[in-house]
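The structure appears below as structure tokens.
Every chain is numbered from 1 and lettered A, B, ... according to where its sequence line falls, protein lines coming before strand lines. Nothing here was measured: the structure is a model prediction, and the numbers come from that model.
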2 protein chains.
Amino acid sequence: MKNIISNINKAFDHRIRLGIMSVLMVNDHVDFKTLKELLGATDGNIASHTKALEKQHYITVEKSFIDRKPNTRYIASDKGRKAFKEHLDALEKLLNAKNDLNI
Amino acid sequence: MKNIISNINKAFDHRIRLGIMSVLMVNDHVDFKTLKELLGATDGNIASHTKALEKQHYITVEKSFIDRKPNTRYIASDKGRKAFKEHLDALEKLLNAKNDLNI
DNA sequence: TTAAAGTACTTTGAAAAACAAAGTAAAACA
DNA sequence: TGTTTTACTTTGTTTTTCAAAGTACTTTAA
């Protein structure tokens, strides 16, 4: 490891993406509307942040119709779960670091 | 609390600022060069992220000369320490949330 | 039956943030 | 004396974030 933040995953830097992933770690899926309410974000925001996570293959998207209406469901992929766990480990290490630097 | 991320502090969303603050929580000061090495960031990067934290009054800056050379030292303010602790609490709550939503 | 309102998103384009390259100024070295 | 190094700061471009507007229906209600 070269520096103290090298294992912090850039993809989870943003609070909305952090929120999406933590919801998906404890629930096996969420839909667009629920995510929007849980995170207090705008439509465009949810759309772009889920797209970013999808691009990294950290979540998958399932589209269907429920009661004749479109429904979009997000699920964490194995890759996403792994990456998120590693991110949390890195966070924990960073924060608990009795940083071995002596200034 | 309106949503699950409302107590996550936007100012600490970025990994470099997260790094700076966690270093400053356990060390009462760091200088520019040390920060740069610890975080593996470029000069401009350190400059702009410290400036962002300074703007929020989360850190203070002390400029002096050491061995005839300019030295910039960063220190977490009380406000910054408080904000960071609250941020960590919010993070912990978010991550441990057996989110009371039942999908 | 048809116009207006609502739902569930996606797209767009402007604003803000992040980045590294270039710039500055003094010190050290040769 | 000139060149290199150190310790930053400034600049301008790229990338990201954001919410407003757009799309494609469905529901309500006149």
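Under the ring-ring contact (aromatic ring centres under 6.0 Å, His included) criterion, the residue pairs touching residues 39-70 of chain B are B/F12-B/Y58, B/H14-B/H49, with sequence neighbours excluded. Counting only residues at least two apart or on different chains, the side-chain hydrogen bond (donor to acceptor under 3.5 Å, both in side chains) pairs with a member in residues 78-88 of chain B are B/K82-B/E86.
Proximity of a side-chain donor or acceptor of B/R17 to a complementary backbone N or O of B/A11 within less than 3.5 Å is detected.
Every residue meeting the salt bridge (charged side-chain N to carboxylate O under 4.0 Å, His left out) condition with B/D43, not counting sequence neighbours, appears here in chain and number order: B/K36. A search for side chain to side chain donor-acceptor pair (under 3.5 Å) contacts involving A/K63 returns A/T72, not counting sequence neighbours. Looking at residues two or more places apart in sequence or on another chain, you find a side-chain contact (heavy atoms from CB on, under 4.5 Å) between A/T50 and A/I20, A/L35, A/I46, A/I59, A/Y74. Among residues two or more places apart in sequence or in another chain, the salt bridge (charged side-chain N to carboxylate O under 4.0 Å, His left out) test is passed with A/R15 by B/D13. With sequence neighbours excluded, the residues satisfying side chain to side chain donor-acceptor pair (under 3.5 Å) with A/T42 are A/N45.
Atom C1' of nucleotide C/dA17 and atom CD1 of B/I46 are separated by 16 Å, given to the nearest angstrom. Rounded to a whole Å, the CD atom of B/Q56 is 13 Å from the C1' atom of C/dA17. Separating the CG atom of A/D67 from the C1' atom of C/dA8 is a distance of 13 Å, rounded to the nearest angstrom. To the nearest angstrom, C1' of C/dC29 lies 15 Å from CZ of B/R68. Put simply, CD on A/E37 is 12 Å from P on C/dC9, counting in whole angstrom units.
Remark on the helix from C/dT1-D/dA30 to C/dA30-D/dT1: inter-end axis angle 10°, axes from five-pair C1' superpositions, rounded to 10°.
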Given protein heavy atoms under 4.0 Å, the one-letter contact record of nucleotides 8-20 of chain D, with B base, S sugar-phosphate only and - none, is simply BBB------SBBB
